Asker: 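Please see the structure below; I have some questions.
Since the model is a prediction, treat every value here as computed from it, not as a measurement. So that the names make sense, note that chain A is the first sequence line, chain B the second, and so on, each numbered from 1.
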Number of protein chains: 2
Amino acid sequence: MATIKDVARLAGVSVATVSRVINKTDFVNPETAGQVLKAIEQLQYEPNAVARGLAGKKMGIIALILPDILNPFFPALARGVEDVAHKKGLTVILGNSDDLGLKESSYIKVLKKKYVDGFIIASNTIREEDVEALRKERIPIVLLDRGLNTASCAVIRSNNREGAKIGVQHLIEQGCQRIAHIYGPQEFITARERLLGYEEIAKGLSGYSPSLMVSGNFDIEGGRKAVEQLLTRHPDVDGIFAGNDLMGVGALKALHERGIRVPEEVKVCGFDGIGLTEITEPELTTVAQPIYEMGKLAARILLDEIESGIRENSIIELDVTLIPRKSTQ
Amino acid sequence: MATIKDVARLAGVSVATVSRVINKTDFVNPETAGQVLKAIEQLQYEPNAVARGLAGKKMGIIALILPDILNPFFPALARGVEDVAHKKGLTVILGNSDDLGLKESSYIKVLKKKYVDGFIIASNTIREEDVEALRKERIPIVLLDRGLNTASCAVIRSNNREGAKIGVQHLIEQGCQRIAHIYGPQEFITARERLLGYEEIAKGLSGYSPSLMVSGNFDIEGGRKAVEQLLTRHPDVDGIFAGNDLMGVGALKALHERGIRVPEEVKVCGFDGIGLTEITEPELTTVAQPIYEMGKLAARILLDEIESGIRENSIIELDVTLIPRKSTQ
DNA sequence: GTATTAAATGTAACCGTTTACATGAAAAAC
DNA sequence: GTTTTTCATGTAAACGGTTACATTTAATAC
């Protein structure tokens with residue numbers, strides 16, 4: 001592969017001039033520039049990204065660290081990030097943290113050494129110190145789904161509490177009186193917020209009882225078990241608001257196993273809006289986050305910060321939308 | 001951040017010696033090495049990966065290019081690749097090609113400039129020339145699901161034809177007589193092989209007819225439409241072998257809409273073994289590929305080639321396994 | 001007509017490693 | 001007691017760019 005020196009030689013100029021032409025970083029006599037461009041064309045020259053990276057401390061790579069790409073929530077996010085990055089000529093490094101602080105830190109450490117331009121981290125467990133360390137080194141970072149106590153960097157999330165209220169409200173409108181909630185791990189702010197949203201509305205119902213809230217671990221199996229537990233406590237539930245779609249699916253499964261008809265006897269609403277909700281039987285009503293858009297937005301904000309160098313601290317809360325389907329009609 | 005020069009200074013040796021200690025690339029007096037190690041520790045020194053990359057033409061990054069991470073087949077693959085890479089201290093760059101040759105080439109071009117150590121490409125459309133170009137520059141590459149005509153690099157895939165035979169055989173064993181096949185785009189070798197496998201077995205059935213084969217585009221909607229078409233042609237089908245799980249899901253949906261009971265009236269079998277198959281109602285019998293394992297294997301082979309420098313040309317065909325579920329019992 | 005400024009380009013240091021080659025000291029060979 | 005090896009380390013040239021600063025020439029000011 002040709003190097004900048006080859007181009008300089010062929011064009012009869014110095015490497016500095018070639019660099020100037022390539023990067024449009026300084027004025028170059030149009031005639032000279034023409035020579036350089038011709039040489040570049042002739043040699044099929046392409047600047048080496050690593051050399052550039054070494055000189056400029058930026059490799060044109062953004063790091064996307066998320067809990068687990070196998071969790072159906074994250075592919076859409078990743079795709080959103082990648083689409084924006086790709087359009088701007090950047091590439092994306094993907095890391096699965098399994099929500100393990102240690103793994104996260106290790107990714108950050110390794111990737112800093114690779115001069116990634118910035119980080120997008122979807123994490124419920126990231127430590128404050130990690131964010132601070134990045135901030136100190138002026139490495140841009142955008143967080144997804146992280147608590148607002150930390151406004152030391154841009155945070156993108158959806159309006160979880162409002163979403164929960166919308167979901168519960170919908171169940172009420174569909175005629176439910178005894179509405180249960182399956183909540184996710186309370187370390188996760190998203191799970192906490194949704195629980196609060198549920199409580200806020202459900203508390204006002206005549207059939208309300210705190211024991212209508214059961215824990216479900218954010219996965220299918222958790223949702224199933226939660227419903228089994230719930231049914232022994234409250235055989236008379238007529239609505240279930242699941243803290244995410246996976247638990248919603250689990251709920252549907254458990255109900256189906258027990259021969260309880262959805263939506264006739266019990267209505268179920270999920271949260272997230274992942275693709276799965278369209279293939280259950282019945283299809284699952286859900287409070288949908290704009291997942292793909294969140295990924296795109298995160299990438300855009302990060303790229304802005306990378307380009308401008310000015311730190312973005314805002315917390316952006318995106319609206320969710322109810323998608324009514326068979327499971328509640 | 002401390003550099004190798006700082007370490008050299010503090011330890012009172014040359015940078016070459018430090019480099020030797022770090023990389024164990026040459027003998028160093030244990031006492032000197034001790035000094036160096038102490039200095040490294042004291043300065044919290046970590047070698048800069050980009051400088052290393054520039055010097056060694058390897059960034060410790062592997063590129064994973066796949067059609068679309070949103071397609072539920074691929075997250076498991078990506079996770080397999082990433083897990084192996086991470087264990088060896090490498091990172092993974094993810095690219096979505098949308099099965100567009102142009103996008104693929106563009107990724108390859110960009111990533112070569114970033115000195116990625118190697119490529120894993122899951123593609124049905126990759127061009128021979130792209131592979132050759134990489135081979136020529138001695139950049140390791142592993143292909144997933146690509147035709148055997150090209151044995152100029154390692155290829156990993158599962159035994160699609162055999163899998164199809166197993167699936168159809170299973171339907172027969174469950175008592176089906178008129179078994180239809182929904183096939184994927186015939187540009188894809190996987191789709192062709194599965195079709196061939198189906199034909200091989202189905203041809204022998206008394207109720208066989210070529211019009212039992214309908215095209216379905218490898219997605220849910222395609223599967224649904226295919227079944228609608230199929231039912232007008234052959235209202236008496238009693239078994240459907242879908243070329244992949246997504247079309248299998250579509251088939252279930254179409255049948256459900258028409259009030260045709262699965263498995264009582266029609267049995268359905270999919271192919272791939274993605275997670276979706278466990279949440280349909282009824283759960284979908286499928287011929288499962290070891291997706292996660294394929295990802296791991298691809299990464300392992302690639303890493304071997306990267307380390308050893310010796311070119312791997314084998315075609316590895318992995319076994320598939322039938323997972324019998326409600327949709328065929 | 002000299003001083004000042006602007007325009008265009010070159011020189012060389014720097015980014016942080018690796019590594020071929022050179023060097024010097026000590027050990028082995030004769 | 002030289003000569004040859006071996007061992008341990010240093011020197012400096014890559015790797016392939018960017019960029020601060022210097023330099024040269026032409027244009028403008030006075």
Asker: Could you state the CE-P distance from M1(A) to dC15(D), rounded to the nearest angstrom?
Answerer: 15 Å
Asker: Applying side-chain hydrogen bond (donor to acceptor under 3.5 Å, both in side chains), can you list everything that pairs with S19(B), at least two apart in sequence or on another chain?
Answerer: N23(B)
Asker: Detail all sub-3.5 Å separations between protein N/O atoms and N/O atoms belonging to nucleotides 19-28 of chain D.
Answerer:
none

Asker: Could you work out how much the helix from dG1(C)-dC30(D) to dC30(C)-dG1(D) bends, comparing the axis of its first five pairs with that of its last five, to 10°?
Answerer: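 The end-segment axes of the helix from dG1(C)-dC30(D) to dC30(C)-dG1(D) are tilted 50° relative to each other.
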Asker: Verify the contact: side-chain N or O of T3(A) to OP1 or OP2 of dG16(D), cut-off strictly under 4.0 Å; return yes or no.
Answerer: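 It does not, given that no N or O in the side chain of T3(A) lies less than 4.0 Å from OP1 or OP2 of dG16(D).
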Asker: Under the salt bridge (charged side-chain N to carboxylate O under 4.0 Å, His left out) test, which residues partner K112(A), sequence neighbours left out?
Answerer: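 Scan of K112(A) (salt bridge (charged side-chain N to carboxylate O under 4.0 Å, His left out), adjacent residues dropped) gives E137(A).
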Asker: Nearest whole Å is fine: how far is dT18(D) P from K5(A) NZ?
Answerer: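 In whole Å, dT18(D) P lies 13 Å from K5(A) NZ.
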Asker: Sequence neighbours excluded, which residues qualify as side-chain hydrogen bond (donor to acceptor under 3.5 Å, both in side chains) partners of T91(B)?
Answerer: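 Counting only residues at least two positions away or on another chain, T91(B) forms a side-chain hydrogen bond (donor to acceptor under 3.5 Å, both in side chains) with K114(A).
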Asker: Just to verify, what does K109(A) make a salt bridge (charged side-chain N to carboxylate O under 4.0 Å, His left out) with, not counting sequence neighbours?
Answerer: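 Scan of K109(A) (salt bridge (charged side-chain N to carboxylate O under 4.0 Å, His left out), adjacent residues dropped) gives E46(B).
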Asker: Scan residues 73-82 of chain B for pairs that pass side-chain hydrogen bond (donor to acceptor under 3.5 Å, both in side chains), counting only residues two or more places apart or in two chains.
Answerer: D68(A)-R79(B), D98(A)-R79(B), Y107(A)-E82(B), R79(B)-D83(B)
Asker: Counting the atoms with a prime plus P, OP1 and OP2 as sugar-phosphate, which does E31(A) contact under 4.0 Å by heavy atoms, base, sugar-phosphate, or nothing?
Answerer: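 Since no nucleic acid heavy atom lies under 4.0 Å of E31(A), the category is nothing.
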Asker: Is the closest side-chain donor-acceptor distance between S314(B) and E312(B) under 3.5 Å?
Answerer: yes
Asker: Under 4.0 Å from a heavy atom of chain B: give me the 5'-most and 3'-most nucleotides of DNA chain C that qualify.
Answerer: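 The contacted stretch runs from dG16(C) to dA20(C).
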Asker: Which sits closer to the 5' end of DNA chain D, Y45(A) or P30(B), going by the nucleotide each is nearest to?
Answerer: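 Closer to the 5' end of DNA chain D: P30(B).
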Asker: Would you mind telling me which residue lines up with the more 5' stretch of DNA chain C, K57(A) or N29(A), judged by nearest nucleotide?
Answerer: N29(A)
Asker: Give me the one residue out of R311(B), R138(B), R135(B) that meets salt bridge (charged side-chain N to carboxylate O under 4.0 Å, His left out) with E305(B).
Answerer: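 So, applying the salt bridge (charged side-chain N to carboxylate O under 4.0 Å, His left out) to E305(B) and each of R311(B), R138(B), R135(B), only R135(B) qualifies.
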Asker: Which pairs pass ring-ring contact (aromatic ring centres under 6.0 Å, His included) with one or both residues in residues 37-83 of chain A, sequence neighbours excluded?
Answerer: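 Every pair satisfying ring-ring contact (aromatic ring centres under 6.0 Å, His included) with a residue in residues 37-83 of chain A: there are none.
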Asker: Under the side-chain hydrogen bond (donor to acceptor under 3.5 Å, both in side chains) rule, collect the residues that match up with S105(B), sequence neighbours excluded.
Answerer: R127(B), D130(B)
Asker: Under the salt bridge (Lys or Arg N to Asp or Glu O under 4.0 Å) definition, can you give me all pairs with a residue in residues 11-20 of chain A, not counting sequence neighbours?
Answerer: R20(A)-D26(A)
Asker: With a non-hydrogen cut-off below 4.0 angstrom, is V50(B) in contact with a base, only sugar-phosphate, or nothing?
Answerer: nothing
Asker: For N48(A), give me all partners under side-chain hydrogen bond (donor to acceptor under 3.5 Å, both in side chains), at least two apart in sequence or on another chain.
Answerer: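 Result, side-chain hydrogen bond (donor to acceptor under 3.5 Å, both in side chains) vs N48(A): Y115(B).
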Asker: What is the distance from CZ of R52(A) to P of dT18(D), rounded to the nearest Å?
Answerer: 5 Å
